[in-house]
Every structure is written in C-alpha cells, then in structure tokens.
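Step one of this worksheet: look at the structure below.
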Amino acid sequence: DGGITQSPKYLFRKEGQNVTLSCEQNLNHDAMYWYRQDPGQGLRLIYYSQIVNDFQKGDIAEGYSVSREKKESFPLTVTSAQKNPTAFYLCASSTVLAANYNEQFFGPGTRLTVL
Amino acid sequence: QKEVEQNSGPLSVPEGAIASLNCTYSDRGSQSFFWYRQYSGKSPELIMFIYSNGDKEDGRFTAQLNKASQYVSLLIRDSQPSDSATYLCAVNSGYSTLTFGKGTMLLVSP
C-alpha cells in the first residue's frame with residue numbers, strides 16, 4: 001500500500017525545545033517537500049529536496065532544518081529559533097520526470113502546538 | 001515574488017448546481033496548474049491538473065486554462081454536499097516547486 005506517512009499526528013512543544021517531524025514515502029519519488037499551513041492561509045514552502053543528500057531552502061526556511069540521507073525519508077526539525085511554530089505541517093513528494101510537470105502528493109500532516 | 005490569487009469565499013451553491021472556482025497567477029512562464037481539495041483538518045488531495053490551454057474534463061470536474069489571461073478555473077458540475085471543502089490552486093514555480101493560493105471555501109447546501 002503505497003503512500004506518504006507523517007508522524008506524529010499531533011505534537012506539543014514547550015518553548016525553547018527542538019522537535020523533529022517524520023516523513024516517509026514508499027512511492028519511489030525522488031523529490032520531497034515540507035510545507036507549513038496557518039489557519040486561513042495557503043501552503044508555504046519550507047524546504048525541498050530533489051535528490052538524496054541535497055536540499056534547498058523554500059520561502060520560509062528560517063528556524064527549520066532538514067536532512068535527506070535516504071530517498072524514502074525527509075525529516076523536518078523545528079528549532080527554538082522558529083518564533084511562531086504553531087501550525088499544520090505537511091510533507092509531500094513527487095517524481096522528477098520533468099521539472100515543470102510534477103504532481104505533488106501529500107501526507108496526512110502533523111499539527112504542532114507550542115505550549 | 002510569484003503570486004497565486006483566489007477569492008477566499010465562501011462560495012455557496014445549492015446541491016446539483018455548477019460551482020465555479022477561479023484562480024489568477026502572476027508568473028507568465030508557469031507551465032503546469034493544479035487543483036487540490038482540502039477538507040477541514042485534513043491534508044490536500046490532488047483532483048485535477050492541466051498543462052495546455054483549453055478545457056480538461058474528469059468526471060464532474062472540468063479545469064480550464066487561459067495562459068494569455070493568466071487564469072485557471074475549476075468547474076464542478078452537479079455539486080454535492082460532499083464537495084464542501086477548500087479548493088487550493090497551485091502553479092508550478094520552477095525546479096519542481098509549486099506556489100499555492102490561499103484557497104476558496106466551497107459550501108454546497110442540500
């Protein structure tokens with residue numbers, strides 16, 4: 001059963017703590033993405049990776065870090081430097097057959113709340 | 001800054017009517033366009049994509065693209081209460097990335 005999994009579904013963080021959100025896919029997709037969604041807002045790109053051991057900053061990368069050691073996995077760390085981390089975090093993946101024609105498929109999301 | 005604009009709504013239609021959702025984009029070089037449906041509290045689900053000018057039909061859904069006007073729309077025929085959701089327009093912005101609009105909320109009343 002192919003798909004994208006994210007864990008945990010809900011996460012609570014105290015101020016000053018780093019937390020890591022998991023994203024795994026078994027679709028054999030090359031590219032993976034992290035987005036943040038705030039209430040009433042569209043999705044904003046945090047980081048993306050098109051190949052193992054390489055990743056690029058998106059529009060709102062400050063306060064976040066990622067790694068891509070395996071094709072299947074793209075974890076996101078929300079650091080204490082991120083001042084307003086409460087949001088819905090979405091992971092997506094796509095093939096990279098042609099640069100401008102990639103449908104992205106989303107995982108179920110992680111809802112992060114800072115206490 | 002590449003922008004994708006959508007009317008936030010809500011767009012209210014009666015059951016059985018046609019719902020028309022609209023989206024404009026700023027980057028004239030964009031080549032692919034996507035519509036996602038997002039139910040409250042859930043992740044976006046891809047429902048349509050379109051690459052060429054004109055219409056593309058898939059069941060009750062029709063995507064329309066006009067690159068000259070930088071305009072893409074989604075028509076939902078025979079709208080059902082289960083179609084009530086937020087519809088996100090996304091436009092490719094290079095290097096396999098997408099720029100998303102803020103979404104239009106659709107409410108279909110029985």
Legend entry - B:Lys42 to A:Phe88 - nearest heavy-atom pair and separation: O-CE2, 3.6 Å
Legend entry - Interface moiety of B:Gln38 toward chain A, non-hydrogen atoms closer than 4.5 Å: side chain
Legend entry - Heavy atoms from other residues, nucleotides or ligands near NZ of B:Lys102 exceed 12 (cutoff 6.0 Å): no
Inset, instruction - Report yes or no: do A:Ile4 and A:Met32 belong to one cluster of Ile/Leu/Val/Met/Phe/Trp/Tyr joined by side chain heavy-atom distances under 4.5 Å? - result: no
Legend entry - Heavy-atom pairs under 4.5 Å with chain B, option from A:Gln6, A:Arg111, A:Gln37 with the top count: A:Gln37
Inset, instruction - Report yes or no: do B:Leu107 and B:Leu21 belong to one cluster of Ile/Leu/Val/Met/Phe/Trp/Tyr joined by side chain heavy-atom distances under 4.5 Å? - result: no
Inset, instruction - Output the option from B:Ser43, B:Cys89, B:Gly101 having the highest count of non-hydrogen pairs under 4.5 Å with chain A. - result: B:Ser43
Inset, instruction - Is it possible for you to say whether B:Tyr87 and B:Ile50 belong to one hydrophobic cluster, with membership spreading through side-chain heavy-atom contacts below 4.5 Å? - result: yes
Legend entry - Hphob cluster co-occupancy, A:Leu21 + A:Leu43, side-chain heavy atoms under 4.5 angstrom: no
Inset, instruction - Would you check if B:Phe34 and A:Gln104 make a side-chain contact, meaning some heavy-atom pair closer than 4.5 Å? - result: no
Legend entry - B:Met48 atom CE: more than 12 heavy-atom contacts under 6.0 Å: yes
Legend entry - B:Tyr36 to A:Glu103 - nearest heavy-atom pair and separation: OH-C, 4.4 Å
Legend entry - Heavy-atom proximity to chain B below 4.5 Å, by part of A:Gln56: neither
Inset, instruction - Identify the heavy atoms of A:Phe105 and B:Leu46 that sit nearest to each other, and give their distance. - result: CE2-CD2, 4.0 Å
Legend entry - Proximity breakdown for B:Phe33 and chain A, heavy-atom pairs closer than 4.5 Å: neither
Inset, instruction - Evaluate the side-chain proximity of A:Tyr35 to B:Leu98: yes if any heavy-atom separation is below 4.5 Å, no if none is. - result: yes
Legend entry - Hphob cluster co-occupancy, B:Val13 + B:Ile47, side-chain heavy atoms under 4.5 angstrom: yes
Inset, instruction - Measure the CZ-OG1 distance between A:Arg44 and B:Thr99 for me, rounded to the nearest 0.5 Å. - result: 13.0 Å
Legend entry - Which portion of A:Leu90 sits near chain B, non-hydrogen atoms under 4.5 angstrom: side chain
Inset, instruction - With a 4.5 Å cut-off on heavy-atom pairs, point out which of A:Gly40, A:Pro108, A:Gly109, A:Ala31 contacts chain B the most. - result: A:Pro108
